[in-house]
Amino acid sequence: DAKTTQPTSMDCAEGRAANLPCNHSTISGNEYVYWYRQIHSQGPQYIIHGLKNNETNEMASLIITEDRKSSTLILPHATLRDTAVYYCIVRVPSNYNLTFGKGTLLTVNP
Amino acid sequence: GAVVSQHPSWVICKSGTSVKIECRSLDFQATTMFWYRQFPKQSLMLMATSNEGSKATYEQGVEKDKFLINHASLTLSTLTVTSAHPEDSSFYICSPPRDTQYNEQFFGPGTRLTVL
């Protein structure tokens with residue numbers, strides 16, 4: 001799987017949009033961008049994924065640049081419960097052996 | 001999404017004892033189970049992969065005789081930490097791969113092991 005680079009930490013005010021960047025300049029053509037988050041002392045949780053088009057679901061939006069070398073996860077209205085470590089992982093969907101980087105600790109402040 | 005449970009959710013034990021962690025896939029049959037561990041303030045690291053009816057495979061640096069994995073059925077995989085020591089204190093998470101529309105991968109809630 002391609003390596004990703006994420007900021008170590010970010011802060012966001014409650015109710016505002018949280019924009020979490022991820023660089024994956026070595027992504028291969030068949031690799032997707034997946035985002036997971038891990039709330040403290042819980043197992044990771046899937047958020048969203050995409051190949052090249054922007055995606056949106058009930059949790060978040062994913063913006064992937066045209067060259068696919070970077071992406072941004074957007075939580076449109078962050079709440080205190082969104083405080084977590086967010087992991088950006090690029091992988092071939094059939095590869096279930098996920099490699100977790102350090103992720104971004106998002107702290108949502110009241 | 002898939003439901004994965006782990007038991008216990010947390011355990012405290014004395015050094016030298018053995019601890020068994022159970023991971024159950026509640027709504028599908030898992031022929032494979034990934035076991036991860038996470039030390040404080042670190043990311044998840046894959047420890048081993050169990051396969052139903054066959055021997056588990058271990059990642060480099062993980063002692064197979066210390067971390068015994070049993071995958072006797074399609075809904076249950078167990079990880080036993082034998083002769084636990086304080087350095088084994090960690091957060092253990094299981095994850096059964098499942099072919100779904102998005103192959104999003106599901107994870108158990110984790111087991112916090114503290115060895116005194």
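The sequence lines fix the lettering, A, B, ..., with proteins before strands; numbering per chain opens at 1.
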Take A/S70 and A/H24 through the test side-chain hydrogen bond (donor to acceptor under 3.5 Å, both in side chains) and record every step on the way to the result.
CA-CA 5 Å; A/S70 65; A/H24 33 80; 5.9 Å; no
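Of all residues in residues 38-57 of chain A, those placing a non-hydrogen atom less than 4.5 angstrom from a non-hydrogen atom of chain B are A/Q38, A/S41, A/Q42, A/G43, A/P44, A/Y46, A/H49. Using a 4.5 Å cut-off between non-hydrogen atoms, the part of residues 78-88 of chain A that approaches chain B consists of A/Y87.
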Below 3.5 Å, can you tabulate the donor-acceptor pairs from side chains in residues 62-76 of chain B to any protein atom, sequence neighbours excluded?
| residue | atom | partner | partner atom | Å |
| --- | --- | --- | --- | --- |
| B/K66 | NZ | B/T82 | O | 3.0 |
| B/K66 | NZ | B/S83 | O | 2.9 |
| B/K66 | NZ | B/D88 | OD2 | 2.9 |
| B/N70 | OD1 | B/A72 | N | 3.0 |
| B/H71 | ND1 | B/S50 | OG | 2.7 |
| B/H71 | NE2 | B/A30 | O | 2.9 |
| B/H71 | NE2 | B/S73 | O | 3.3 |
| B/S73 | OG | B/T75 | N | 3.3 |
| B/S73 | OG | B/L76 | N | 3.2 |

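With chain A as the partner, the residue from B/S9, B/P97, B/G110 showing the most heavy-atom pairs under 4.5 Å is B/P97.
Looking at A/Y32, there are no atoms closer than 4.5 Å to chain B (heavy atoms on both sides), in backbone or side chain. Proximity to chain A (any heavy atom under 4.5 Å) is restricted, for B/Q38, to the side chain, taken from C-beta onward. When heavy atoms are compared at a cutoff of 4.5 Å, B/I93 approaches chain A solely by way of its side chain, counted from C-beta outward.
Contact of the A/T8 side chain with the A/K102 side chain is not registered, since no non-hydrogen atoms from C-beta on lie closer than 4.5 Å. At least one side-chain heavy atom of B/L113 sits less than 4.5 Å from a side-chain heavy atom of B/V19.
Annotation for B/F39: hydrophobic cluster partners, listed by chain and number, are none (ILVMFWY side-chain heavy atoms under 4.5 Å, direct or chained).
Taken to the nearest 0.5 Å, the CG atom of A/L75 stands 14.0 Å off from the CZ atom of A/R16. The line from OG1 of A/T72 to CD1 of A/I63 is 7.5 Å long, rounded to the nearest 0.5 Å.
Salt-bridge annotation for A/R68 and A/E66: absent, with no side-chain N of the basic residue lying under 4.0 Å from a carboxylate O of the acidic one.
A donor-acceptor pair under 3.5 Å links the side-chain atoms of B/S95 to the main chain of B/F106, judged by distance alone.
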